[in-house]
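Everything on this sheet refers to the single structure shown next.
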Amino acid sequence: MASTSKANLTEDDEEEEEIEHFDDFTLASSWERFISEIEATCRQWSADGPKNLLEKGAVHLDYSNKIYRIKSELKDATKIYSMEYYFGIDNNGNISDWNCTLHDLQLCFGVKEFLVISPQSASGVVLDAPESSKLLSAVAIALSNCSCLWPAFVPVHDPSRKAFIGIQNMGTIFTRRFEADRIGSQVPVKFMHLEGLYELFVSKFAYWTSDHLTHLFKVYLMMKLTYRTLPNDDENDGIQDADAENAESEKMPDGGNLNRKHWDDDCPWSEWYSAEDPVKGFDLVTTWSEKVIESSLEMAEMENASPHEAEKWILTPNLSPNLDSSKGDRIGFASQLQLLVSALDMSFEAQFMEDFVSVENLGSDNLKSSMVIPPPTVLDRVLKDLLLEGRQFPDFAKGEHKSSRAIKGAPLESLFAQFCLHSLWFGNCSIRAIAVLWVEFVREIRWYWEESQPLPKMPAHGSIDLATCLINQKLQMLAICIEKKRELNEEFQDCLGSNDDVFVHMEEDIQVGEESTSFLTQSQDFDGKRDSPLILEGFNESKTSISKFSTNSQDAYSADKSTSDSKRTGSAGPVGSMKLLNSCQSLHAPFTQNAPLMTEDMHEERLRAVEAFGDSFNFSAQLERETLSSDMSAFKAANPDAVFEDFIRWHSPGDWENDGSKANDKWPPRGKLSQRMSGPGNSWRKIWNDAPSLPAYEQKPLLDPNREGEKILHYLETVRPHQLLEQMVCTAFRASADTLHQTNFGSLKQITTKMDQLYHTMASTLRPLQANLLSGNSEKIEDLKRLCVALEHVEKLLTLAASLRHKFIQAPRVYEAIFSDYYDFYLPNMGKGSADVDIQKEFDLKLQLRVNERQVVSNMFTPPTANQSWRKVLSMGNLLNGHEPILRQIVFSKRDSGSDCHYAVSTRGGPHMDDQQEIETYRMYVCGTSNDLRVALCVTSYD
């Protein structure tokens with residue numbers, strides 16, 4: 001038994017000895033497991049390829065859509081590291097193209113795809129030198145094991161230094177080592193100049209310091225210089241200094257000033273607000289293609305070279321962050337219209353505008369505090385601008401968009417439109433501020449009425465424009481009433497002043513008899529004929545146009561004087577060959593009074609009255625009785641022998657039925673009245689029988705200016721707040737859009753299209769307000785707020801277009817290209833509100849300039865003024881109009897062929913290169929300003 005047990009024990013020992021011959025990774029070191037984990041991850045990434053990595057969560061970089069990154073976490077003992085693999089879908093790009101979308105390490109070392117391994121710590125860098133070397137060795141071993149040729153980098157030192165070390169296995173022959181570091185301050189003066197940087201690079205491969213001067217090294221050079229125009233604030237400071245120093249010398253011959261206070265002084269919105277310049281400045285990138293440098297002297301000459309000698313100029317606009325800001329703090333028409341819409345929403349809470357003036361009627365304390373009105377001086381200034389400094393006869397059609405009249409508002413230059421625009425900027429455009437301004441505005445309007453003074457910015461002649469809002473119609477009619485009232489007052493004063501003359505010449509007037517009734521002279525032409533000097537504005541030449549008259553002025557006068565039995569007055573001349581029915585006399589067209597003016601509400605009132613009665617024909621005649629009776633009286637005076645049928649033949653030819661005869665010159669004319677005119681109890685015949693024979697100038701005016709003027713003022717003083725605000729909103733939107741439409745934006749079709757769309761959107765959205773279909777807490781208020789957002793988008797684009805055109809008026813291709821690119825960038829946000837705008841993506845345009853466009857951009861770099869020059873001492877060359885580059889990037893490289901370098905013995909006949917292939921043995925990337933310097937060195941060696 002004992003021997004058996006001993007034998008079994010021996011067999012167990014032998015099995016344990018056999019197990020000890022296997023590699024047990026569970027007993028390996030943590031460093032070996034760390035290398036294995038790196039290797040496994042790299043193998044997986046390499047096997048997946050770029051397309052599969054995108055499906056597994058790789059994301060593109062924020063500044064580039066062509067470079068992607070995938071990340072993995074690794075653990076070594078107690079530390080956790082992050083390994084990132086950067087790759088591109090298209091790796092055919094050339095690093096020497098200075099592509100601004102490259103990763104920083106791609107620019108520094110000229111690599112394409114690479115790895116970055118860093119600790120997951122607050123700093124994100126390896127602060128310990130042994131640890132960084134150990135980490136880089138682990139990555140190099142792992143990449144060698146999986147046959148990956150990716151370069152690997154480890155961030156070291158302090159994060160502000162942007163320092164890296166790296167390594168790359170280029171196969172079985174060569175190894176590249178990388179190192180980058182940065183000097184953040186106190187850059188040696190030598191390294192601020194190209195000559196010193198060249199000597200720094202040569203020192204990396206020259207054996208002795210004396211070789212810099214005695215040997216000529218073939219060094220390849222590429223350079224990129226970035227210039228930046230002065231910010232607007234600095235530019236304004238310089239302008240102010242120049243104004244102070246040269247106040248007398250910088251005046252133009254016509255008295256103007258060469259310097260502009262604001263960039264948008266010549267823009268149409270500058271009357272209401274000053275917009276922030278959306279273009280803060282420009283970055284100009286000038287690049288020199290690869291050239292060979294063999295001495296420090298050539299570098300010194302290159303430092304003095306002009307940027308105009310660069311191969312490429314690339315322009316990048318620096319736009320204001322507020323241009324696509326989501327904060328909604330931009331001041332413009334859109335922002336103020338939102339306040340006006342809020343005031344409209346509150347307008348349903350009171351019956352009269354005076355109710356909002358009192359603070360006690362406003363409700364909560366918060367509401368009271370938000371509705372502070374400006375001081376009286378501001379109110380007086382606004383009223384003065386509205387009523388005293390305006391043009392008396394503005395051109396309403398000027399600047400209007402073709403679709404502007406589809407919005408039932410007031411024309412831009414009209415009095416009410418100007419009132420609405422002033423309201424946007426009066427106080428905070430609250431309902432209380434609007435109420436205060438409206439009450440004072442109506443009081444001023446009443447003063448103009450009572451003093452018979454012409455109403456500013458309103459036409460005093462013509463017909464009422466029913467396509468505008470009701471308040472504009474009322475103001476237009478009031479202006480006409482004021483003018484009529486002034487004429488009546490002047491006539492009355494003339495009569496009082498000539499009473500004595502009238503009595504003195506009374507006997508002479510009686511003897512003159514028939515001739516005293518005519519004011520015509522033989523020298524007047526037909527168009528100047530009037531029966532009284534008082535009818536120049538108030539009367540017209542009848543329903544029949546002058547072109548129908550077959551006789552000239554002398555014939556008309558002779559025909560009028562040929563009447564023996566009766567006296568003809570108020571004739572405008574015969575109507576063709578028409579004859580009267582009862583006498584073989586020519587039918588004369590009379591001068592008639594203009595039809596009484598009516599606003600839209602007056603037309604609607606009459607229409608409702610007609611619809612309420614069944615006999616609409618006779619009732620409409622009663623409504624038009626005054627006008628019809630006036631026309632009949634004038635016709636009787638011009639045709640003393642006329643009958644009712646003659647009047648119908650002239651006034652309403654459709655109601656006279658001929659007997660079919662085509663000869664119109666035969667007498668007597670044959671025909672009869674239509675059925676509606678010949679029926680019993682016809683109202684027209686009754687009016688004819690009652691109408692006296694009076695020429696138009698002797699009749700009572702159809703328009704009573706005193707009565708109509710008082711009715712208009714009563715309407716303005718008692719208008720309901722919501723009715724006023726509805727018309728104000730429509731007019732303010734229309735006036736704001738028309739103002740923006742006057743912007744000179746060149747030939748940008750995108751703006752034209754957006755303006756057309758905006759007008760159509762406004763017309764459809766504002767239609768319920770025009771029809772008085774709005775009610776309190778209506779959903780239409782939200783539609784109006786969305787309309788404000790749409791206007792804000794167009795306003796931003798117009799501001800940008802105006803700014804770009806002003807800067808590149810001599811280079812239209814440039815501003816069109818910049819705007820088109822920004823339009824495509826901004827277009828996805830056009831349907832969103834300010835709070836929904838995506839501001840994560842930044843606008844980044846790189847526009848290559850043509851040779852003939854360079855001078856326009858160069859002129860933007862105005863020579864620094866005395867106020868700007870003291871700020872820093874120029875320490876770099878390649879000045880552009882006195883401006884040194886804000887960033888200088890240089891790539892030095894040295895190449896050796898397989899036949900003339902110390903690698904030749906080991907590589908000749910090798911599988912990876914031939915004798916004629918060149919190797920970039922040294923590469924140095926320099927990026928710096930006058931205050932800092934970053935250097936990245938890449939060295940290729942044979943291992």
Side-chain angles (χ1 to χ4, degrees), residues 271-272 340 343 347 350 352-358 371 373-394 396 409-427 429-461 464-465 468-487 489 599 705-721 723-729 731-732 735:
E271 180 182 356
W272 306 103
L340 184 61
S347 63
F352 301 100
M353 291 301 293
E354 287 82 355
D355 297 338
F356 290 108
V357 176
S358 176
M371 293 192 176
I373 61 175
T377 54
V378 177
L379 178 61
D380 293 341
R381 188 180 71 246
V382 171
L383 293 175
K384 180 181 178 182
D385 185 70
L386 266 174
L387 300 170
L388 298 181
E389 298 180 355
R391 286 166 39 185
Q392 295 294 327
F393 303 104
F396 288 161
L412 174 61
E413 298 296 332
S414 66
L415 182 59
F416 184 62
Q418 293 297 303
F419 169 83
C420 294
L421 290 177
H422 275 288
S423 299
L424 295 178
W425 310 98
F426 186 72
C429 195
S430 64
I431 186 65
R432 187 187 178 206
I434 295 173
V436 170
L437 183 60
W438 174 256
V439 171
E440 293 299 324
F441 174 73
V442 175
R443 287 177 183 172
E444 294 294 327
I445 295 298
R446 176 168 284 281
W447 180 88
Y448 278 89
W449 163 252
E450 293 176 349
E451 298 296 328
S452 299
Q453 295 298 316
L455 198 60
K457 303 176 183 177
M458 293 302 299
H461 308 283
I464 304 299
D465 189 356
T468 61
C469 64
L470 183 58
I471 292 180
N472 184 75
Q473 297 177 36
K474 296 288 187 182
L475 292 175
Q476 185 179 358
M477 188 168 182
L478 182 63
I480 296 175
C481 290
I482 291 175
E483 183 65 22
K484 297 295 183 183
K485 185 180 176 182
R486 290 183 61 193
E487 292 177 359
N489 293 339
T599 55
N706 293 291
R707 180 186 62 187
E708 296 299 332
E710 289 295 337
K711 288 170 62 177
I712 292 171
L713 287 170
H714 177 74
Y715 169 82
L716 298 177
E717 292 169 346
T718 60
V719 63
R720 294 292 184 263
Q723 294 177 351
L724 171 63
L725 267 295
E726 287 172 359
Q727 297 180 64
M728 286 184 63
V729 168
T731 300

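What you are looking at is a predicted structure, and each value in this text was computed from that prediction instead of being measured.
- Distance alone, capped at 3.5 Å, is enough to place a donor-acceptor pair between the Q473 side chain and the T468 backbone.
- Rounded to the nearest 0.5 angstrom, Y715 OH and Q723 CD are separated by 5.5 Å.
- With rounding to the nearest 0.5 Å, the separation of CE in M477 from NZ in K711 is 7.5 Å.
- For E483 (side chain) and H461 (main-chain N/O), no donor-acceptor pair under 3.5 Å exists by modelled atom type.
- Side chains of I480 and I464 form a contact here, defined as non-hydrogen atoms less than 4.5 Å apart.
- Between the side chain of Q476 and the backbone N or O of D465 there is at least one donor-acceptor pair closer than 3.5 Å.
- Heavy atoms only, all atoms of each residue included: P459 and A479 are closest at O-CB, 3.6 Å.
- What you find for S452 and R486 is that their closest heavy atoms are O-CD, 2.9 Å.
- Nearest heavy atoms, A410 versus T731: N-OG1, 3.3 Å.
- Two residues are said to be in side-chain contact when any heavy atoms from C-beta on lie closer than 4.5 Å; P411 and N472 meet this criterion.
- Counting only heavy atoms from C-beta outward, the side chains of I431 and S347 approach each other to under 4.5 Å.
- Note on R446 versus E717: salt bridge recorded, some NZ/NE/NH1/NH2 to OD/OE distance being below 4.0 Å.
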Pair E710-W449, side chain to side chain donor-acceptor pair (under 3.5 Å): steps then yes or no:
CA-CA 9 Å; E710 289 295 337; W449 163 252; 2.9 Å; yes
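- In this structure, the side chains of L340 and L725 come closer than 4.5 Å at one or more pairs of heavy atoms.
- Looking at D355, its side chain does come within 3.5 Å of a backbone N or O of F352 through a donor-acceptor pair.
- To the nearest 0.5 Å, atom CD of residue E708 and atom OG1 of residue T599 are 8.0 Å apart.
- The shortest heavy-atom contact between G709 and C481 is N-SG, 4.1 Å.
- R381 CZ to L379 CG: the interatomic distance, rounded to the nearest 0.5 Å, is 10.0 Å.
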TODO: List the steps, then state whether side chain to side chain contact (heavy atoms under 4.5 Å, CB included) holds for K474 with L478.
DONE: CA-CA 6 Å; K474 296 288 187 182; L478 182 63; over 6 Å; no
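- At least one donor-acceptor pair under 3.5 Å links the side chain of Q418 to the backbone N or O of L412.
- Nearest heavy-atom pair, D385 versus H422, reported as atom, atom and distance to 0.1 Å: OD2-NE2, 2.6 Å.
- Proximity of a side-chain donor or acceptor of Q727 to a complementary backbone N or O of I471 within less than 3.5 Å is detected.
- Taking the side chain as every heavy atom from C-beta outward, W438 and L724 approach each other to under 4.5 Å.
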- Could you go step by step and tell me if L716 and L475 meet the side chain to side chain contact (heavy atoms under 4.5 Å, CB included) rule? CA-CA 9 Å; L716 298 177; L475 292 175; 3.9 Å; yes
- Query: Which is it for L383 and L437 under the side chain to side chain contact (heavy atoms under 4.5 Å, CB included) test, yes or no, and what are the steps along the way?
  - Reply: CA-CA 8 Å; L383 293 175; L437 183 60; 4.2 Å; yes
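- Looking only at side-chain heavy atoms (C-beta outward), R443 and V439 come within less than 4.5 Å of each other.
- Side chains of F441 and L415 form a contact here, defined as non-hydrogen atoms less than 4.5 Å apart.
- Closest approach of S423 to I434, counting heavy atoms only: CB-CG1, 4.5 Å.
- At distances below 3.5 Å, at least one donor-acceptor pair connects side-chain atoms of Y448 with backbone N or O atoms of L387.
- The side-chain heavy atoms of M458 and F416, taken from C-beta on, include no pair separated by under 4.5 Å.
- One distance of note links CD of E444 with CG of L455; it measures 11.0 Å at 0.5 Å rounding.
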